[in-house]
Every structure is written in structure tokens, then in C-alpha cells.
Amino acid sequence: MTESWFGQRRRRQLQRFLQKGKLTILCLFLTIIVLRGNLGAGKFGTPETDIEEIRETFSFYRKRVEPRRVLEEAETIKNDDASASGNNYATFDINNMFVDEEGDDIKPDPNKPYSLGPKISDWDEQRADWLKRNPNFSNFIGPNKPRVLLVTGSAPKPCENPVGDHYLLKSIKNKIDYCRLHGIELFYNMALLDAEMAGFWAKLPLIRKLLLSHPEVEFLWWMDSDAMFTDMAYEVPWERYKDRNFVMHGWNEMVYDEKNWIGLNTGSFLLRNCQWSLDILDAWAPMGPKGKVRDEAGKVLTSALKGRPVFEADDQSAMVYLLVTEKDKWAEKVYLENHYYLHGYWGILVDKYEEMMENYHPGLGDHRWPLVTHFVGCKPCGKFGDYPVERCLKQMDRAFNFGDNQILQMYGFTHKSLASRRVKRTRNETSNPLEVKDDLGLLHPAFKAVKFYAVVFTLDLELPFPFLSFPVPLPPPLVGEITFQSGLGSE
Amino acid sequence: MGQESFTAQKRGVGAAATLPTTTPNGGRPAPSLLPRGRQIHKTFNNIKITILCGFVTILVLRGTIGLGNLVSSESDAVNQHLIEETNRLLDEIRSDKDPDDPDNPSEPEYNPNVTYTLGPKITNWDQERKSWLDRNPDFPNYVNGKARILLVTGSPPNPCDNAIGDHYLLKAIKNKIDYCRLHGIEIVYNMAHLDKELAGYWAKLPLIRRLMLSHPEVEWIWWMDSDALFTDMVFEVPLKKYDGYNMVIHGYPDLLFDQKSWIAVNTGSFLFRNCQWSLDLLDVWAPMGPKGPVRDEAGRVLTANLKGRPAFEADDQSALIYLFISQRNVWMDKVFVENAYFLHGYWAGLVDRYEEMIEKYHPGLGDERWPFVTHFVGCKPCGSYGDYPVEKCLRSMERAFNFADNQVLKLYGFRHRGLVSPKIKRIRNETVTPLEFVDQLDIRHSAQGSSGSQS
């Protein structure tokens, strides 16, 4: 009897032991799980990464921007294989090199409304006075030809996209060529003047600063870095704008009636150097400051403008909004140009280049031969664009070559095709080079002829006696034939 | 345990009334009496533990195996495909292959009897040019008292082997744009190989000739390499000094004639007058250039004759030096070998001293106190490998760029936060009378010569 009782007791002990064992193991597992949640467990990850993974797997938006991000990743994957050598450029990470020695500027007071600078109210008088005192820096360099400064720019750090800088280089070469032919000065900006107005708003403080520092400039022509000249022979019709201060590509109906957010384009525009322009810049700027102001303004713009998606305020939508809400104040001096492509959306132009070359000729500037092809949305320098990479880059090459052909033909060459970087001869070398004229007359065009000028100005200026003055505009036939004496010396 | 107590309970229930004194089994302990509530409680405990164990098991399994494989791996495959496509696209953009290249590129036949020429011989360029200028007074060769200069530079049409190279090409051209705007000089940026045979550093020869002949209104053509940066924005080339000369090149006469060194002059930055003499010099310079056996053979001749030259194919600089030495009395009376200022400034001795220069000197000197041009020979940021450590080259280029950019930004009231920083800081507050600073600081006002013209 004792034996069986002992066995049974034994059994019960065993069972109890097992149950306790189960409890212990359970608690051990729980501890491990809790530790993983708090400290992580190496390759087993943490719950945060799990959530990220789940999000990514189920996120469809990400798929759309895959190509751009992949472009950047593809580069880094390739570079990992390169040998680490001190002389090898491929393995060098430039971001380690940049050092900002002096500390950040004092943060602006968040309660004060943003302003581009202290308000100036007598800019027209100050400028007229300066022009009088500096006759060598006249604001007109020819009859009907104001002094123009073309302004463009890009970020000071290398592009995130590995071929972005190459396309920026081609784009600036394209602008250098156009500006050389047309006697326009060029300013390439690589400095962020105001950290609050970063991104597309960065042009506002820059434009204001340039207008005030270059009183000799009559028109400032802002052009985005992703816009290219495709008509090298077209000269902007300056006399059309003699009573206007702000010229943008757009349509009056789309802006004032439809309130469409793409009714005009601020990627390529002309701004006169005058008080009115300073005032419109001041009125334009308030939606720009980064952060809450810009986001809130974005919401206002999306609700007010037709077709605008939801995102932070951009300068183009803000301009449409400004013109619509303060039409009486500004519209009189704003010219929305659509007779030529001061800005030409690339999507509808790039496939037609061959057709244009067959049927038309440079110098038209419009849909037959666009002045500017603007690659909106391509963002070759950045990580994410709105269009497939291949289409953007290939078409930018074609647009560049299309414009470059007009430059090369001056020297007797042309690209082998619009997709090719190679050039071929179209005109043999001769021993009488000066008898040969280039087809488009771009080597010595009329709009580049040097005229010696007397001081010309703003309309109510009184000119001191030794200077001759001429009314503007002069009848065209006289332009090529007359040169004028300046009052300070003889030819 | 539960089972046992249950059965014991059962038995207990069944035999509630009588206490069994003896049982047929004998020796079995008395079953414990458990109320019903306890039973349910115990059941719940079991279920709880089961669920808990199940949950923990799933978590642990997920931690080791992961759920990723269970959700579609389709996105991974798409990603991979995109990466491959993009790599292919990048390679295509970067490669030298062109959609218009013939499938079997034929080697140009090498005919040793034919000397390469840049073009048909022109003998009366000076007269032709003068009569053109007379007929076209709208395009004078002197504007406002200054000779018309055309700055020529360029880079290959393909993207650089690595992205940093393109970025520094961009910064270099911005630097040149700034200098040329301040001094009224026009720029031609070339990205085309005008002559397949004269590729590489020789490409400047056909380009310079072509530009001279197409632009008779240009008085001086200034070739500048893409790796040379202006570091003195105020200094102007003193053209009056070169009235009797047709070529201005930086170098040292003793290195050239006495030592016959291959680095006696530098063809990275030089000026050529637009005249017959220059065309003749180009014609005599070119024959060592054509790619292939000619260039290699010429390289051997140059290495044998010039001091310190390593063995490689003929380059334009060594060829010019050889020409100057061997035909000294033909050419040298019209060549000005300049070293009073850094028309070309070798970067290694200059870049570390920028802070010292800022402290002690001022722009406008152009010489070793404030170099006119800093030339990054040997860095080759557009290629894969340079002759110097990458970090040193890029850091120095960034410093030189910012050193120059500070001089441009001064008019606008800004300056870089240190010579390696891309960010800027304000050094002058905005005012309501900006024009007083324009008069003081605009470099063009000091550079502007007297008006009027001369032919």
C-alpha cells in the first residue's frame, strides 16, 4: 500500500513539476519578446522595423517614385564594389568634406511677418539718379534693346542623381550660347540667400537683391535650370513690353476667369527693374516662408485654384492667386504672353523636333520652333521626378542637341542626329572663310551690333546738355546703319 | 492533475452519502471534494495559458522566419528590374557609344606621306580681317577702349566617369561666367569634338582656328582649361603690355631655353591674337597631334628632347615647347612668356595660403599674393583616377571656388561660412539705399576703362 501511494505521490510531484516547468518556459518567452521590443535583437529586428516593412509592402505611392529612388540606389550599389583607393573619385563621399565653420544666423522672430528687406519707396528716383551719374552703364544697349540679365541657378551641393550635374552643365552651356548671341548678361546663382525661402521660393530674395545691386539692368529674366533655349535666332520683342513690367507665359482666361493653377508659368519670366517690381515681390513673398506658413498657404491655394493638388505653397500658384485677388492693383502692368513660347512645356514639343526641322526654321519662337523647352517635373538633379527617368533624360538630350545644332551650324557642323553627341561637318573648310555666311545669320546678327549710346531712360528724365537723346523706338531700317557718338569721346 | 481531481470529484459525488471504509482497490487516497466554480476557474486558466502560448509562439516564429516571404515578393522583383533598367540607362549615358556609330567602325587609314592639316592654307588673313572690320563698323574689335576677348573652354560631351566631376565642371563654368560678366568678356563653351583625329588635349587647336576665322571681330582668343578657376575677380589682363606680341603664355624663359623642361610653359591658359601669325603657328603646332602612330612617335621624340618628360603620347604643351625651342628665331619674338602674374597658377602652392592672403592682401594683384588663376593640373576630377589624392584635390577646388565666390558675393552683402562651406552668411544688412554700396563695391566700376574706341 505504501508503495503505490508513494508512486502516486511521485506522479503528482512530477505533474506539478511539469506544470511549473511550463510556467517557467512561458515566462521566459515573454521576457524575450519584451526585450526584443525594447532593445532590439539584431537580425531579428524590432517591432518598429516590422511596421515599416508592412507599410512599405502595402504602400502603392512608393511604387510611383521607385524609378527615381532606384536611380540613386543603383549608383550606390555599383560604387560599393570599387576598390577603396585614395586617388579614386568613385569612392569619395563629398558630403564628408563640407564644413560650415561659422554658426547659423539668428533665427528670425516667428511673430514678425516675413519681409524680403526694408521697404524701399523711391527706387525709381534713386535709380534714375544713379543712371544719370553713370553714363557708362546705360540701361539700354541699343534702340529697343534694354540691358537684360538672365538669372538661373542650382543648389551648391552635388546633385543626388548621379547624372544630374551633367544635365545642369549642358543646360548652362545652352544658356551661355543664347546669351552670347543676344548680348544678354548671365548670372548663375549657387547661394541660398535666405534659409526661410528655400526651394522654388529662393528666387524671390535673389531677384530683389540683383535688382537693387544692378541698377543698370533694365529687365531681369529669370529662367529655371531645367529650361533650355531651342530657338537661338529668336529675339524677344522688347518694344511690345515698353509699358509693362512683368511678362510671363500664360493665358488671361486661364488665370483671371478659370483661376487655373497652371494658367501661367514662373519658370521663365521677365521683370522690369522698378518700384512696381519691388512692390510685387513684397506682395508675392508672404506665402513663402518654410514651415507652418507655407503649409497653411498651400491649403488656401488648393482650395482657391482650379486643379491644384495638395502640397505646400509654391511660387507659381501664389502668383496666380495674387493676380486673381488683387487684379486691380497688378494686372495692368502684367503681360501674359502666349504668342511665343517664353516657356514651352516639353511634353507637347519634344517629339516634334524632326518635323520642325523639316518644315520650319529658327527665328519663329512659337509652336513651330519653340524659343524655350521647359522640362517641368523632370527634376534631373533631385531624387524624385514626376516622369520616368529614361524619357526625361533622353528628351533633354534631344532638346539640347536641337538648340546646339543652331550654334554648330555657325561653324559648319551639326550633330549626327538629335540623339547623338557626335558632330559631323556640313561645310568644308575654305581658304576664304569670310565669304561664307552661316544660314541663320547668327555669327554677326543685327541684335548684337554695338551701338554707342547716349543716356536713355525712364520716360520723364531730363538729360544734361552734352548728350544727344533719341526717342525709342527707332524705325527698324535705321538700326543696322547708324552708329552714334557718345558725348565723352569720338570714335 | 485537473483530470484526476475531476474523476475524484466524480467519484466523490457518486458516493456522497456513504463514506467508503474499504474499497475494492484498496489503498487509494480519498478523492478531494472540489466545488463546480473551481472547475470552471481551472478550465479558464487552461484556455488562457493555451492562448498565451499560441501567441508567443507566433511572435517568436515571426521574429525568426519573418512575414515578408508570405506577402508578395512581387514588389522585390519589380524593384530589381527597375534597378537593372536604371543601371543600363546610366551606363548608356556614360558610355562613349553613340546611336549613330557605324556597327563596324573602320580605322582611318594611316598614310605616312600625308601631313595632317587643320584646313586649307590661308595666307592673307590680316588683310581679309582688316577689310571685314572696315565694312562692319557694328562689330568693332575694340569696345569702349578695350580689345574684344573671347574666352574659350570646354569639356567632353559625355558625363564624367563619376558625378563629382560634373559638379566641379559646373562650378568652374560658373566661376568663369562671373569673371567674364565683370570684365565684359564673351564665353564659348565647347562640347563637340570638331576633329576626330585631334581629340583630347589637342581638341583646342581646330576649335581655336575655327573661332578665329568665324569671328574676325574678336581681337584675342583666350583658351582656358576646364580645371582652371579664376581666383582674382578684380585683376584684368594688361593687354596694353602685349601690343607688339601675338601670344601670351605663362612660363619661365630660363626653364624653356636653358633647361628645355617640359613644364616650362603651360597651355592651360593662354591668349592668341587673331592674326595670320597665329594661324601659321597653329598649322605648325598641329602635326604632332593626330591620334595613332603619329602621336605616339611624336611622344617619343618629345620625351627624348625635353627634360623631365615621362614617356607617353605627344601632348600639346610639350609639342609647343619643342616648337619654341627648335624654331626659336621664327616664333619667339612675338611670344610673351609671362610670369609677373599667375595667368596660370599651379594649385599646390597656392590653395593652402588663401586664409593668409585674405588677411594680408586684397584682390587686384594677380600674382603670388592673390593669384589670378588657380589651375588644378593633375586632379582630373572628370576621370576616375587623378595624380593626387581625391580628398586633397576636391577640398582644394572647393576652397578656390569659394575664395573667388566671396569676391562676387561681396557686392550682395554675403560671404561663405568658411572656405569649404557651400552655405553663405550675411555680412551687410539690407538697407533702403543700396546704391551707395553698388558704387563702392561693384568690380566693374574699377575695371571700366575710358569710353571711345580704337581700331
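Just so it is clear: chains get the letters A, B, ... in the order the sequence lines come, proteins before strands, and each one is counted from 1.
Counting only distance, with no hydrogens or angles, the side chain of B:K171 and the backbone of A:P156 share a donor-acceptor pair below 3.5 Å. Within the 3.5 Å criterion, the main-chain N or O of B:V432 finds a donor-acceptor partner in the side chain of A:Q126.
Note that OH of B:Y168 and CG of A:D165 are 10.0 Å apart. Values are rounded to the nearest 0.5 Å. How far CG of A:N432 is from CD of B:E128: 5.5 Å, rounded to the nearest 0.5 Å. Atom CZ of A:R425 and atom CG of B:L194 lie 7.5 Å apart (nearest 0.5 Å). Atom CG of A:L408 is separated from atom CG of B:N190 by 8.0 Å, given to the nearest 0.5 angstrom. Taking CE of A:M97 as the start and CD1 of B:I164 as the end, the distance is 7.0 Å to the nearest 0.5 Å. For the atom pair CG of A:L169 and SG of B:C160, the computed distance is 8.0 Å after rounding to the nearest 0.5 Å.
Under the 4.0 Å criterion applied to side-chain N and carboxylate O atoms, A:K448 and B:E217 are not assigned as salt-bridge partners.
By the neighbour-count criterion of 12 heavy atoms within 6.0 Å, atom CZ of A:F98 is densely surrounded, having more than that number from other residues, nucleotides or ligands.
In terms of heavy-atom proximity, B:F401 sits nearest to A:M190 at CZ-SD, 4.1 Å. Residues B:S421 and A:V99 share a closest heavy-atom pair of CB-O, 3.0 Å.
Comparing B:G386, B:G119, B:A192 by heavy-atom pairs within less than 4.5 Å of chain A, the highest count is held by B:G386. Between chain B and the options A:K157, A:K170, A:E185, A:H166, heavy-atom pairs under 4.5 Å are most frequent for A:H166. Comparing A:L212, A:D397, A:I25, A:D122 by how many heavy-atom pairs each has under 4.5 Å with chain B, the most go to A:L212. The choice from B:L213, B:V408, B:D387 that makes the most heavy-atom pairs within less than 4.5 Å of chain A is B:L213. Annotation: maximal heavy-atom pairing with chain A below 4.5 Å, among B:V188, B:D178, B:L118, occurs at B:V188.
Considering only heavy atoms from C-beta on, A:L186 stays 4.5 Å or farther from B:I187 through its side chain. Residues A:H214 and B:Y412 are in side-chain contact: their nearest non-hydrogen atoms beyond the backbone lie under 4.5 Å apart. Side-chain contact between B:L435 and A:W123 is present, with at least one heavy-atom pair separated by less than 4.5 Å. At least one side-chain heavy atom of B:L211 sits less than 4.5 Å from a side-chain heavy atom of A:Y411. Annotation: side chain of B:M191 is not in contact with side chain of A:D404 (no heavy-atom distance under 4.5 Å). At least one side-chain heavy atom of B:I173 sits under 4.5 Å from a side-chain heavy atom of A:I172. Residues B:W125 and A:L434 have side chains in contact (heavy-atom distance under 4.5 Å, counting atoms from C-beta outward). Residues B:R210 and A:E429 have side chains in contact (heavy-atom distance under 4.5 Å, counting atoms from C-beta outward).
The part of B:R129 that comes within reach of chain A is its backbone (N, CA, C, O), which places non-hydrogen atoms under 4.5 angstrom from that chain. Within the 4.5 angstrom heavy-atom criterion, no atom of B:T123 approaches chain A. Heavy atoms closer than 4.5 Å to chain A are found nowhere in B:F55, neither backbone nor side chain. The part of B:N162 that comes within reach of chain A is its side chain, from C-beta onward, which places non-hydrogen atoms under 4.5 angstrom from that chain. For a residue to count as touching a neighbouring chain, one of its non-hydrogen atoms must lie under 4.5 Å from one of that chain's; by this rule B:L441 does not touch chain A. Using a 4.5 Å cut-off between heavy atoms, B:C393 touches chain A through its side chain atoms alone. Residue B:R395 touches chain A through both its backbone and its side chain, counting heavy-atom pairs closer than 4.5 Å. Within the 4.5 angstrom heavy-atom criterion, only side-chain atoms of B:R148, from C-beta onward, approach chain A. Proximity to chain B (any heavy atom under 4.5 Å) is restricted, for A:S154, to the side chain, taken from C-beta onward. In this structure, chain A has no heavy atom under 4.5 Å from any part of B:D161. Contacts between B:R399 and chain A at a heavy-atom distance below 4.5 Å are absent for every atom of the residue. If you measure heavy-atom distances from B:K196 to chain A, you find no contacts under 4.5 Å at all. Neither the backbone nor the side chain of A:E435 comes within less than 4.5 Å of any heavy atom of chain B.
Aromatic ring centres of B:H193 and A:F413: separated by at least 6.0 Å.
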- Carefully, step by step, assess A:R133 and B:D439 under the rule side chain to side chain contact (heavy atoms under 4.5 Å, CB included). CA-CA 11 Å; A:R133 283 182 288 118; B:D439 287 328; 3.6 Å; yes
- Message: Working note: A:L26 + B:L52, criterion side chain to side chain contact (heavy atoms under 4.5 Å, CB included); need CA distance, chi angles, decisive distance, verdict.
- Response: CA-CA 8 Å; A:L26 195 68; B:L52 202 63; 3.6 Å; yes
- Message: The test is side chain to side chain contact (heavy atoms under 4.5 Å, CB included); show your working for A:H444 and B:D138 and say whether it passes.
- Response: CA-CA 9 Å; A:H444 302 102; B:D138 291 342; over 6 Å; no
- Message: Show, in sequence, the C-alpha distance, side-chain angles and deciding distance for B:V438 and A:W130, and conclude whether the side chain to side chain contact (heavy atoms under 4.5 Å, CB included) test is met.
- Response: CA-CA 10 Å; B:V438 168; A:W130 187 93; 4.2 Å; yes
